[in-house]
Amino acid sequence: MLEKLYLLGFAEGGWGAALLGAAAMTLLLSILGFLLGAVFGTLGASGALSSKRLPRSLASAYGTVFRGVPDLLTIYLFYYGGSVALTAIAKSFGSDGFVGLPSLATGVIAIGIISGAYQAEVYRGAYLAVERGQFDAAKALALSRLQMLRLIIIPQLMRHAIPGLSNVWQLVLKDSALISVIGLVELMRQAQIGAGSTREPFLFYLAAAGLYFVIAGITGQVFRVAETRTSRGIMHR
């Protein structure tokens, strides 16, 4: 296999640039999906913590459905369901033919909704971990609700949430490989293309695994730094 390593290089005939470009696409997809998931997760956690029955029921249904349905099936449903809807809309305006959703947009939305279901539980648990005395202290200082959230609650909530969010990020990174089934050329798909073109599947899949490992290692360090910074001034027993 060593004599085939030139296939991973950047010279003519090498696939190094294509693999790095696909790794960048994987990182972009994962970041956008994770950030969109933070929005859905915040809404889901707010609903779960609400004193009203309807928001609690909706948040519970959201978490149950998207944590229970296989991620690959969710991606297929969003892609084909969205494409059917777009095709129907296009036909109503006199257009013929199938209208497909952009793969990147579909991937971001699907990963965002899936990861949001997990992030909602992380945020909910982190909120409940904040000591109730902090809320009383904020009220005693006559802080507005916005000031209480910005100055007291959110910083402490993030301190509790970051370890869980780190695990969700790893899930998002792995789920990004599933988006290859709807045509997006990210790292997994590029490895498949290279493996098929050169008939060296082990080499290309090993290279893809190495790039996933590098991405996971670097981004994991980012979360560790964030956890350290949010924990400054906290006494550990």
Side-chain angles (χ1 to χ4, degrees), residues 1-2 5-11 14-42 71-72 75 103-123 125-126 154-155 157-182 184-195 200-234 236:
M1 186 180 71
L2 293 177
L5 287 178
Y6 74 91
L7 292 172
L8 303 179
F10 295 88
W15 290 74
L19 287 170
L20 287 182
M25 177 60 73
T26 288
L27 186 58
L28 175 65
L29 171 64
S30 300
I31 291 173
L32 293 178
F34 185 83
L35 293 177
L36 182 60
V39 176
F40 286 113
T42 300
D71 296 347
L72 181 59
I75 292 167
S103 298
L104 177 58
T106 304
V108 169
I109 293 171
I111 289 178
I113 290 177
I114 292 167
S115 70
Y118 293 93
Q119 291 192 54
E121 285 301 300
V122 173
Y123 294 135
I154 291 180
L157 184 149
M158 292 308 299
R159 175 168 59 86
H160 293 294
I162 285 176
L165 292 177
S166 178
N167 290 330
V168 175
W169 166 256
Q170 298 298 330
L171 173 68
V172 166
L173 187 59
K174 290 190 290 185
D175 275 358
S176 69
L178 299 176
I179 307 302
S180 63
V181 301
I182 58 174
L184 182 67
V185 183
E186 41 64 69
L187 183 53
M188 187 64 187
R189 179 59 180 158
Q190 189 63 66
Q192 291 173 335
I193 294 172
E200 292 289 340
F202 181 71
L203 177 64
F204 277 85
Y205 290 134
L206 184 63
L211 288 171
Y212 277 117
F213 180 78
V214 170
I215 294 172
I218 294 174
T219 54
Q221 183 61 32
V222 171
F223 278 97
R224 284 189 287 273
V225 170
E227 183 177 359
T228 300
R229 290 188 175 181
T230 55
S231 299
R232 285 177 178 175
I234 304 298
H236 299 281

What is the distance from atom [atom1] of [X] to atom [atom2] of [Y], rounded to the nearest 0.5 Å?
X: I162; Y: T230; atom1: CD1; atom2: OG1; answer: 3.5 Å
X: L173; Y: I31; atom1: CG; atom2: CD1; answer: 10.0 Å
X: F40; Y: I114; atom1: CZ; atom2: CD1; answer: 11.5 Å
X: S176; Y: L27; atom1: OG; atom2: CG; answer: 9.0 Å
X: I113; Y: D71; atom1: CD1; atom2: CG; answer: 12.0 Å
X: L104; Y: I109; atom1: CG; atom2: CD1; answer: 9.5 Å

[X] versus [Y], closest heavy-atom pair with distance:
X: G217; Y: R224; answer: O-NH2, 3.8 Å
X: R189; Y: S180; answer: CB-CB, 3.7 Å
X: L20; Y: F10; answer: CD1-CZ, 3.3 Å
X: Q190; Y: A22; answer: CB-CB, 3.5 Å
X: L187; Y: A208; answer: CD2-O, 3.7 Å
X: L211; Y: A23; answer: CD1-CB, 4.4 Å

I want to check something: taking the side chain as every heavy atom from C-beta on, are [X] and [Y] in contact at a cut-off of under 4.5 Å?
X: M25; Y: V185; answer: no
X: S30; Y: W169; answer: yes
X: F204; Y: I193; answer: no
X: V214; Y: I218; answer: yes
X: Q119; Y: L165; answer: yes

In T106, V108, T26, I75, the residue satisfying side chain to side chain contact (heavy atoms under 4.5 Å, CB included) with I179 is I75
